[in-house]
Amino acid sequence: MPRETLTRDQIVRAAVELLDADGVEGLSMRRLGARLGSAATAMYWHVGSKENLVVLAADLVWGELELPDPVGAGWRAAARTLVYDTLDLTRRHPWLLSAVSTHLVYGPGMARFQDHAYAIYEAAGFRDWELDWAANAVFTFAAGTALVDAIDTAATTAQAPRGKGESGPVQSVTEWATGIASQYPRLRTRLEAHQGADPAELSREKFAFGVEAILDGLEARLRDRDRGGERDGGRDPEPAAVAVPDRDGERDPDRDGSRAPEAEPAPVAVPDAEAKPGPRPAR
């Protein structure tokens with residue numbers, strides 16, 4: 001396809017298909033050009049570089065997310081939908097996690113996503129810094145789950161590390177890691193519990209547990225803040241003292257503010273230098 005008939009959008013969409021198939025490592029301007037029936041130079045002319053192309057592709061896929069309405073559905077339902085859809089997005093495009101961890105991915109697609117996340121937690125009642133932190137808490141959990149997915153996928157094909165001169169059958173990383181974990185009682189108990197379980201079902205239940213725990217925590221924070229405002233006539237409650245342990249693990253009242261204040265010493269009467277002595281007592 002001649003350079004003049006190609007568009008940047010065509011190139012970016014073709015790059016997404018190639019990235020979905022072969023990842024960031026498998027993307028090259030030569031392969032992309034061949035896919036579009038054009039020369040690699042035409043790719044460079046439209047997008048500048050491979051790094052810029054990855055950024056454009058990543059921002060394009062962020063635009064795939066449908067944005068749930070927090071007013072119609074309620075903030076909690078909207079937050080739940082968005083976090084599930086975010087995880088699904090990373091599973092449809094496994095290269096996305098690698099892209100955002102090695103490139104500064106930002107454009108209209110990411111900005112649209114972030115702005116709507118703010119709208120959801122703003123509808124819940126979060127303001128100022130807490131608005132940032134609420135949105136970040138949920139997004140970080142989705143991103144962390146996607147990272148664990150990538151690690152688990154890599155572990156299915158990776159081989160255990162071997163020292164120089166070691167012989168014997170090659171172990172998978174999973175077998176090797178299981179052998180180490182089995183030496184610790186709590187890990188061994190959990191490994192035994194996982195035997196025979198459906199990994200896909202466990203993954204679903206684990207993610208659902210985490211999402212609901214975070215949303216429960218956010219909801220409880222809003223409720224406690226509202227109750228505190230009612231008690232204090234609308235004023236923000238004073239922060240509670242934090243117990244700070246000393247080096248031996250005991251609470252140190254001098255550091256955490258829990259020791260009751262000592263009474264002020266009574267003032268000592270100091271005689272006036274010019275005062276005349278009173279009469280001596282009679283003997």
Note to self: Quick check against the 3.5 Å criterion: does D198 have a side-chain atom that pairs as donor or acceptor with the backbone of A200?
What the structure shows: yes
Item checked: Closest contact, heavy atoms only, I214 versus A137 -> CD1-O, 4.1 Å
Checklist line | Nearest non-hydrogen partners of L147 and L97, listed with the distance | finding: CA-CD2, 3.4 Å
Note to self: Less than 4.5 Å apart, side chain to side chain, heavy atoms only: is that true for L96 and L89?
What the structure shows: yes
Next item on the list: Report the distance from atom CG of L18 to atom CZ of R35, rounding to the nearest 0.5 Å.
Entry: 5.5 Å
Note to self: So W62 and T86, do their side chains get closer than 4.5 Å, heavy atoms only?
What the structure shows: yes
Next item on the list: Determine yes or no for a side-chain-to-main-chain donor-acceptor pair under 3.5 angstrom, with D85 supplying the side chain and L65 the backbone.
Entry: no
Margin query: Under a 3.5 Å distance rule, please check whether T145 uses its side chain to pair with a backbone N or O of F141 as donor and acceptor.
Written below: yes
Check: Between L202 and L87, is there a shared hydrophobic cluster once you connect ILVMFWY residues whose side-chain heavy atoms come closer than 4.5 Å?
Finding: no
Check: What is the distance from atom CZ of R221 to atom CG of D216, rounded to the nearest 0.5 Å?
Finding: 14.5 Å
Next item on the list: Check whether any side-chain heavy atom of Q10 lies under 4.5 Å from a side-chain heavy atom of T7, and answer yes or no.
Entry: yes
Notebook entry, point to check: Are W133 and Y121 joined in one hydrophobic group, where the rule is that I, L, V, M, F, W and Y side chains link up if heavy atoms are under 4.5 Å apart?
Noted result: no
Note to self: Just so I know, are the side chains of S28 and K50 near enough to count as touching, which here means a heavy-atom distance under 4.5 Å?
What the structure shows: no
Note to self: Contact between Y184 and R190 at the side-chain level, heavy atoms closer than 4.5 Å - yes or no?
What the structure shows: no
Next item on the list: Just do the side chain to side chain contact (heavy atoms under 4.5 Å, CB included) check on L215 and V211 with the steps written out, would you?
Entry: CA-CA 6 Å; L215 297 181; V211 169; 3.9 Å; yes
Item checked: Rounded distance (nearest 0.5 Å) linking atom CD of E17 with atom CG of L19 -> 10.0 Å
Check: For E122, which residues count as a side-chain hydrogen bond (donor to acceptor under 3.5 Å, both in side chains) partner, sequence neighbours excluded?
Finding: none
Notebook entry, point to check: In Å and rounded to the nearest 0.5 Å, what is the OG1 to NE2 distance from T178 to H194?
Noted result: 11.0 Å
Check: So, for Y118 and F126, is the gap between ring centers shorter than 6.0 Å?
Finding: no
Notebook entry, point to check: Of all heavy-atom pairs between P199 and A197, which one has the smallest distance, and what is that distance?
Noted result: CD-O, 3.2 Å
Checklist line | Lys/Arg-Asp/Glu bridge criterion (N-O < 4.0 Å) met for R92, D20 | finding: no
Margin query: With a 4.5 Å cut-off on side-chain heavy atoms, are H103 and S98 touching?
Written below: no
Note to self: With side chain to side chain contact (heavy atoms under 4.5 Å, CB included) as the criterion, how do D149 and T90 come out once you've worked through the C-alpha distance, each side chain's angles and the decisive distance to 0.1 Å?
What the structure shows: CA-CA 10 Å; D149 282 353; T90 66; 5.5 Å; no
Next item on the list: Would you check, one step at a time, whether the test side chain to side chain contact (heavy atoms under 4.5 Å, CB included) holds for E205 with E201?
Entry: CA-CA 6 Å; E205 291 181 2; E201 182 60 27; 3.0 Å; yes
Next item on the list: Quickly, which of D9, L53, I11, N52 forms a side-chain contact (heavy atoms from CB on, under 4.5 Å) with H46? Name it, please.
Entry: I11
Next item on the list: Kindly give the heavy-atom pair with the smallest separation between A142 and F207, and that separation in Å.
Entry: CA-CE1, 4.3 Å
Check: Out of curiosity, L104 CG to Y106 OH, how far, rounded to the nearest 0.5 Å?
Finding: 10.0 Å
Check: Run the side chain to side chain contact (heavy atoms under 4.5 Å, CB included) check on K206 and V148 step by step: do they pass?
Finding: CA-CA 12 Å; K206 177 176 64 176; V148 171; 4.3 Å; yes
Checklist line | For A57 against V16, the heavy-atom pair lying closest together | finding: CB-CG2, 3.8 Å
Check: Is any side-chain N of the basic residue among R76 and E212 closer than 4.0 Å to the acidic one's carboxylate O?
Finding: yes
Checklist line | Parallel, tilted or perpendicular: rings of W95 and H93 (30°, 60°) | finding: perpendicular
Margin query: Measuring only between side-chain heavy atoms, which start at C-beta, is W75 closer than 4.5 Å to L218?
Written below: yes
Next item on the list: Evaluate whether atom CZ of R30 has more than 12 neighbouring non-hydrogen atoms of other residues, nucleotides or ligands under 6.0 angstrom away.
Entry: no
Notebook entry, point to check: If you look only at pairs with a residue in residues 25-44, which of them pass as a ring pair (Phe, Tyr, Trp, His ring centres under 6.0 Å), with sequence neighbours excluded?
Noted result: none
Notebook entry, point to check: Side chain of R8, backbone of V47: donor and acceptor closer than 3.5 Å?
Noted result: no
Next item on the list: Working to the nearest 0.5 Å, report the span between CZ of R13 and CG of L36.
Entry: 13.0 Å
Margin query: Using side-chain heavy atoms (C-beta onward) and a distance below 4.5 Å, is V138 in contact with R80?
Written below: no
Note to self: If you compare all heavy atoms of A99 against all heavy atoms of A58, which two are closest, and at what distance to 0.1 Å?
What the structure shows: CB-CB, 4.4 Å
